[in-house]
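Step one of this worksheet: look at the structure below.
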2 protein chains.
Amino acid sequence: MARKSGSHADITGPKVREAALKLFARDGYAAVSMRKIAAEVGVQAGALYLYTPDKQSLLYDLMKVHMEELLAAWAEADVNGTPPERLEAFARFHIHYHLDRPDNIFIAYMELRNLEPENFAEIEVLRRRYEQGLIDILEAGNASGDFAVPDPKLAAMAAISMLNGVTTWFRDEGRLSRETVETIYWDMLRKSVAA
Amino acid sequence: MARKSGSHADITGPKVREAALKLFARDGYAAVSMRKIAAEVGVQAGALYLYTPDKQSLLYDLMKVHMEELLAAWAEADVNGTPPERLEAFARFHIHYHLDRPDNIFIAYMELRNLEPENFAEIEVLRRRYEQGLIDILEAGNASGDFAVPDPKLAAMAAISMLNGVTTWFRDEGRLSRETVETIYWDMLRKSVAA
DNA sequence: GTCTATAACCCGATAGAC
DNA sequence: GTCTATCGGGTTATAGAC
């Protein structure tokens with residue numbers, strides 16, 4: 001059966017999500033109207049509601065998918081090895097993954113406050129799961145004597161803050177290559193937790 | 001001459017700025033209406049325009065005053081000493097200053113995108129001046145042999161990102177004291193740039 | 001200096017035509 | 001599936017009374 005002419009659900013749906021991600025990241029959730037998202041997609045505002053029940057769900061879905069994909073990607077990238085090896089894998093993975101998805105990390109860290117409470121709680125669980133992965137590595141390194149981290153929870157927060165910062169200033173056309181930046185950050189992180 | 005009854009310019013003016021800072025930090029610039037600011041102050045929306053030409057100026061002024069006070073406070077807190085001594089002063093100053101003003105740093109880093117271009121450019125100059133202070137310390141440390149920082153500019157960004165992160169999770173009622181947090185962060189920073 | 005009222009406009013979300 | 005039109009309400013900023 002030929003698809004009905006003018007039916008683009010499988011094209012428009014993803015486009016709505018992409019447009020929302022781009023605009024939320026650029027201007028902030030509260031500053032982006034459904035009309036602006038629609039204009040970016042190339043449809044009228046009313047048509048968006050075929051793909052999302054409301055604006056809040058759009059934000060929530062973007063964050064949830066991002067966090068789930070992040071967790072899955074790290075599970076894939078994690079290595080069997082010594083704590084220093086795993087920490088290097090984490091640092092390089094985190095930078096690499098986020099430099100490829102600057103919009104995602106931007107909304108994941110900046111738009112948490114615009115989630116309604118029950119949505120916030122769900123995303124927070126995923127975020128903490130990711131952080132816990134790093135905490136586990138730091139604790140293993142303390143146990144093995146490779147690291148001297150007085151408070152692994154605090155150190156994990158500090159490390160993630162540092163690594164996240166790269167997305168705020170890195171530009172591909174800039175002075176330094178991704179590989180260089182990745183290596184320098186890893187070197188700083190390595191030294192900061194070393195025994 | 002007795003002041004005219006109902007004249008509270010010197011009280012209401014600062015209250016408007018305080019209310020705007022509090023609400024911008026809590027809910028985000030775009031999500032805060034002039035009516036909400038007025039309600040927080042205890043006046044009607046129209047009265048705000050006696051103290052600010054518009055909402056944008058309110059944000060710009062808050063950021064500008066914050067950055068100027070930050071620069072002045074660091075100029076005061078900076079020490080004459082070796083690069084490691086100056087770096088410690090910077091780390092402790094930065095954490096201490098920002099933990100005392102969580103709302104200020106929040107808007108200074110999160111609401112940059114809501115500044116109109118010419119305002120953004122002015123704030124950016126001040127922000128870069130502050131960062132340059134740290135870059136200078138790192139370069140001096142490289143020269144003296146105390147530090148081994150391959151790219152002082154990048155390292156400064158990384159360090160500030162790491163230190164800023166503390167404001168997103170630190171709570172006075174929490175597990176760790178300010179002094180403890182300050183010392184652990186300083187220790188990580190010290191090691192991360194050490195020769 | 002602050003108020004009320006209002007101009008001019010934008011918002012999220014829905015209804016119904018096609 | 002997408003459109004136009006619209007409801008009910010919010011927005012910034014201003015005008016004029018007191």
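In what follows, chains are A, B, ... by sequence order, proteins preceding strands, each numbered from 1.
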Next item on the list: Return no unless some side-chain N or O of B:Thr12 is found under 4.0 Å from OP1 or OP2 of C:dT2.
Entry: yes
Notebook entry, point to check: B:Lys55 has an atom NZ; how far is it from atom P of D:dT14, in whole Å?
Noted result: 15 Å
Notebook entry, point to check: Among pairs that include at least one residue of residues 20-50 of chain A, which meet ring pair (Phe, Tyr, Trp, His ring centres under 6.0 Å), considering only residues two or more places apart or in two chains?
Noted result: A:Phe24-A:Tyr29
Notebook entry, point to check: With sequence neighbours left out, what residues match A:Arg127 under side-chain contact (heavy atoms from CB on, under 4.5 Å)?
Noted result: A:Met67, A:Tyr109, A:Leu112, A:Glu124, A:Glu131
Check: Rounding to a whole Å, what distance do you find between A:Gln56:CD and C:dC11:P?
Finding: 18 Å
Note to self: Is the shortest side-chain heavy-atom distance between B:Val181 and B:Trp169 below 4.5 Å?
What the structure shows: yes
Next item on the list: Using whole Å, report how far OH of B:Tyr51 lies from C1' of C:dC3.
Entry: 13 Å
Next item on the list: Write down the distance between CG (B:Asp54) and P (D:dT14), rounded to a whole number of angstrom.
Entry: 8 Å
Next item on the list: May I ask you to test the A:His94-A:Asn164 pair for a side-chain heavy-atom distance under 4.5 Å?
Entry: yes
Check: Should B:Tyr49 be listed as having a side-chain N or O under 4.0 Å from OP1 or OP2 of C:dC3?
Finding: no
Note to self: Between A:Glu40 and A:Lys22, does any side-chain N to carboxylate O distance fall below 4.0 Å?
What the structure shows: yes
Checklist line | Strand-adjacent residues in residues 17-44 of chain B, judged by heavy atoms under 4.0 Å from DNA chain C | finding: B:Val43, B:Gln44
Next item on the list: State plainly whether the residues A:Lys36 and A:Asp27 are in salt-bridge range, i.e. N to O under 4.0 Å.
Entry: no
